[in-house]
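I have placed the structure first, in the form of structure tokens, so that the comments after it can refer back to it.
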Amino acid sequence: MSQTSKRPDSPVSIIGAGIAGAWQALLFAQAGHAVTLHERGDATMTDATSHWAGGMLAPYCEAEVAEPIISRLGLRSLDIWRRELPDTPFNGSLVVAHPRERNDFERFARMTEEHRRLDAAGLAELEPSLEGRFRDALFFPNEGHVEPRRVLPKLHERIIAAGGTIKFNSDVAKEDLDGIVIDCRGLSARDEQPELRGVKGEMILIETSEVQLARPVRLIHPRWPLYVIPREDNLFMLGATSIEAEDTGVSVRSALELLGAAYTVHPAFGEARILEFGSGLRPAFPDNLPRIGIRGGKISINGLYRHGFLIAPALAELTLNYVERGQIDNEVMQCV
């Protein structure tokens with residue numbers, strides 16, 4: 001398959017400054033392109049899906065339910081995260097389960113790779129706060145996590161340092177932009193991609209100094225895995241549901257299940273202070289796989305589903321390789 005791309009020296013306009021658009025802008029700016037990143041919201045990005053994300057960089061764990069392409073893109077993205085933001089925490093991740101979910105725990109172990117089984121003593125040595133809580137755990141040492149609300153501004157700073165321009169409160173139309181246009185609008189792109197749907201992911205932010213964790217802990221759950229993700233300043237994010245609904249907010253049912261599950265991870269979470277409830281709508285295609293759509297000089301990046309922070313760097317690299325060298329990744333790209 002071949003497709004004529006714009007000249008590498010064409011200006012590049014990117015719409016959407018969330019995680020997908022930020023990585024596109026950074027890699028293109030670093031490659032010497034004249035990049036302008038347009039964001040219809042303000043610099044706080046509170047309306048963006050990225051604002052409510054977990055930020056887990058866990059391609060091995062995701063292999064339990066995700067297609068192999070997610071693992072491939074995720075593993076490549078880990079290298080790009082390390083290269084571009086070397087202070088990204090790569091402390092690994094843990095998977096634990098209570099006795100009643102033992103079969104699901106063993107299935108998770110069979111479906112995933114690159115993990116080490118820890119006994120109770122090994123778990124306590126790695127995470128002292130979990131001493132006596134679980135009889136064993138799966139440790140994925142090569143995984144990482146980021147705090148979306150802190151790392152997105154860092155990416156924006158890197159874009160500017162690389163010579164790019166960011167325009168907030170800039171609600172632009174693709175047809176009004178010159179050169180290469182990369183559409184990273186997420187669900188707002190349904191005007192051109194009506195098959196997109198929103199999948200709600202809910203989160204709760206809590207604060208406690210009674211529990212210390214150095215890495216995300218994933219609790220096997222009969223409906224969804226609970227993530228307990230450590231943040232700075234004694235904060236923890238609890239998530240994440242995947243609900244086929246496009247309303248906003250957190251339901252009472254979800255709040256009870258997330259908080260109850262967190263309590264079973266450690267009773268001290270029962271005394272934690274709730275700071276925030278929230279939810280984001282993740283853009284997904286019917287197959288839940290990402291897509292780079294190409295139509296001449298107009299490119300769309302969408303359908304990152306619940307893997308935005310995990311796969312966005314690799315998708316940006318694929319887009320750059322296409323623009324500069326005409327390379328096509330047939331698993332991800334569609335020329336329309």
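Follow the hydrophobic side-chain contacts under 4.5 Å out from Ile274 and you reach Val228 in the same cluster. Residue Leu205 is grouped with residue Met56 when hydrophobic side chains (ILVMFWY) are merged at heavy-atom distances under 4.5 angstrom, including chains of intermediate members. Residues Phe285 and Val332 do not share a hydrophobic cluster, clusters being chains of Ile/Leu/Val/Met/Phe/Trp/Tyr side chains in contact below 4.5 Å. Cluster membership for Ile166 and Val151, using ILVMFWY side-chain heavy atoms within less than 4.5 angstrom, is shared. In terms of hydrophobic clustering, with Ile, Leu, Val, Met, Phe, Trp and Tyr side chains grouped at heavy-atom distances under 4.5 Å, Ile243 and Leu258 are assigned to different clusters.
Side chains of His38 and Thr165 form no contact here, defined as non-hydrogen atoms less than 4.5 Å apart. Side-chain contact between Met203 and Tyr227 is absent, with no heavy atoms from C-beta onward closer than 4.5 Å. Between Glu192 and Arg185, some side-chain heavy-atom pair lies under the 4.5 Å cut-off. You'll find the side chain of Glu271 stays beyond 4.5 Å of the side chain of Glu210, heavy atoms only. Using a 4.5 Å cut-off on side-chain heavy atoms (C-beta onward), Arg150 and Arg231 make no contact. Taking 4.5 Å as the limit, every side-chain heavy atom of Ile206 sits out of range of all side-chain heavy atoms of Arg273. In this structure, Ile292 and Ile299 have side chains that are in contact, with non-hydrogen atoms separated by less than 4.5 Å. In this structure, the side chains of Thr208 and His266 stay at 4.5 Å or more apart for every pair of heavy atoms.
Looking only at distances, no side-chain donor or acceptor of Arg291 sits under 3.5 Å from a matching main-chain atom of Ile301. Side-chain atoms of Ser77 come within 3.5 Å of backbone N or O of Ala314 as a donor-acceptor pair. With hydrogens and angles ignored, the 3.5 Å screen pairs no side-chain donor or acceptor of Ser279 with any backbone N or O of Glu202. Under the 3.5 Å distance criterion, the side-chain polar atoms of Arg282 are left unmatched by any main-chain donor or acceptor of Arg306. Distance alone, capped at 3.5 Å, places no donor-acceptor pair between the Asp233 side chain and the Leu235 backbone. Between the side chain of Arg135 and the backbone N or O of Ala120, no donor-acceptor pair lies under 3.5 Å. Judged by distance alone, with hydrogens and angles left aside, the side-chain atoms of Ser129 form a donor-acceptor pair with the main-chain N or O of Gln212 at under 3.5 Å. Using modelled atom types, no side-chain atom of Glu147 and backbone atom of Arg149 make a donor-acceptor pair closer than 3.5 Å. No donor-acceptor pair under 3.5 Å is formed between the side chain of Glu207 and the backbone N or O of Leu275.
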If you apply the rule side-chain contact (heavy atoms from CB on, under 4.5 Å), what do you find for Leu320 with Glu317, and how did you get there?
CA-CA 5 Å; Leu320 180 63; Glu317 185 177 66; 5.7 Å; no
Output, in order, the C-alpha distance, side-chain angles, deciding distance and verdict of side-chain contact (heavy atoms from CB on, under 4.5 Å) for Leu130 and Leu213.
CA-CA 9 Å; Leu130 298 182; Leu213 295 176; 4.2 Å; yes
Give the intermediate values and the outcome of salt bridge (charged side-chain N to carboxylate O under 4.0 Å, His left out) for residues Asp247 and Lys200.
CA-CA 8 Å; Asp247 61 294; Lys200 184 168 74 167; 2.8 Å; yes
Mind running ring pair (Phe, Tyr, Trp, His ring centres under 6.0 Å) on His156 and Phe168 for me, showing each step along the way?
CA-CA 11 Å; His156 292 164; Phe168 292 102; 5.8 Å; yes
What verdict does the salt bridge (charged side-chain N to carboxylate O under 4.0 Å, His left out) test give for Asp87 and Lys154, after you've listed the backbone C-alpha separation in whole Å, the side-chain angles of each residue and the deciding distance to 0.1 Å?
CA-CA 11 Å; Asp87 60 343; Lys154 289 183 180 179; 3.4 Å; yes
Quick one, Ile311 with Ile69, criterion side-chain contact (heavy atoms from CB on, under 4.5 Å). Give me CA distance, side-chain angles, the key distance, then yes/no.
CA-CA 10 Å; Ile311 65 176; Ile69 187 177; over 6 Å; no
Step-by-step side-chain contact (heavy atoms from CB on, under 4.5 Å) determination, Val199 to Glu244:
CA-CA 5 Å; Val199 180; Glu244 294 290 338; 3.9 Å; yes
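Remark: Arg76 is not positioned above the aromatic ring of Trp81, lacking an NZ or CZ atom under 6.0 angstrom from the ring centre and at most 45 degrees off the axis.
Partner of Leu118 under the side-chain contact (heavy atoms from CB on, under 4.5 Å) criterion, out of Asp136, Leu126, Val96: Leu126 alone.
If you look at Phe134 and His98, their ring centroids are closer than 6.0 Å. Taking the six-membered ring wherever Trp is involved, the centroid distance between the rings of Phe108 and His115 does not fall below 6.0 Å.
Contact detail for Met333 and Ile328: the closest heavy-atom pair is SD-CA, 3.8 Å. Considering all non-hydrogen atoms of both residues, Phe139 and Gly92 come closest at CE1-CA, 4.0 Å. The minimum heavy-atom distance between Cys61 and Ser93, with the atom names listed, is SG-OG, 3.9 Å.
Rounded to the nearest 0.5 Å, atoms CG (Leu315) and CD1 (Ile182) are 11.5 Å apart. With values rounded to the nearest 0.5 angstrom, Phe236 atom CZ is found 14.5 Å from Ile204 atom CD1. Asn234 contributes atom CG, which lies 5.5 Å from atom OG of Ser209 (distance to the nearest 0.5 angstrom). Considering CD of Glu246 and CZ of Arg197, their distance stands at 9.0 Å, rounded to 0.5 Å. Here the straight-line distance linking atom CD of Glu64 with atom CD of Glu62 works out to 8.5 Å at 0.5 Å rounding.
The environment of Glu131 atom CD is sparse: at most 12 non-hydrogen atoms of other residues, nucleotides or ligands sit within 6.0 angstrom. No more than 12 heavy atoms of other residues, nucleotides or ligands sit less than 6.0 Å from atom CG of Asn103. Around CD of Glu125, the count of heavy atoms belonging to other residues, nucleotides or ligands within 6.0 Å does not exceed 12. Counting non-hydrogen atoms of neighbouring residues, nucleotides and ligands closer than 6.0 angstrom, the CD atom of Glu276 exceeds 12 such neighbours. Atom CG of Asp178 has 12 or fewer neighbouring heavy atoms from other residues, nucleotides or ligands inside a 6.0 Å radius. Remark: Arg158 CZ is packed, more than 12 non-hydrogen atoms of other residues, nucleotides or ligands lying under 6.0 Å away. Counting non-hydrogen atoms of other residues, nucleotides and ligands closer than 6.0 Å to CG of Asp287 gives a total above 12. The 12-atom threshold is not exceeded at CZ of Arg253, counting heavy atoms of other residues, nucleotides or ligands nearer than 6.0 Å.
Classification of Arg117 and Glu106 as a salt-bridged pair holds, one side-chain N sitting under 4.0 Å from a carboxylate O. We find that Glu127 and Arg133 are not joined by a salt bridge, their nearest charged nitrogen and carboxylate oxygen being 4.0 Å or further apart. A salt bridge links Arg72 to Asp329: one of the charged nitrogens lies within less than 4.0 Å of a carboxylate oxygen.
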Please report, to 0.1 Å, the donor-acceptor pairs under 3.5 Å made by any side chain of residues 13-32, with sequence neighbours excluded.
residue	atom	partner	partner atom	Å
Gln24	OE1	Thr319	OG1	3.4
Gln24	NE2	Thr319	OG1	3.2
Gln30	NE2	Glu84	OE1	2.8

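Aromatic ring pairs are classed by plane angle as parallel below 30°, tilted from 30° to 60° and perpendicular above 60°; the pair Tyr60 and Phe140 is parallel.
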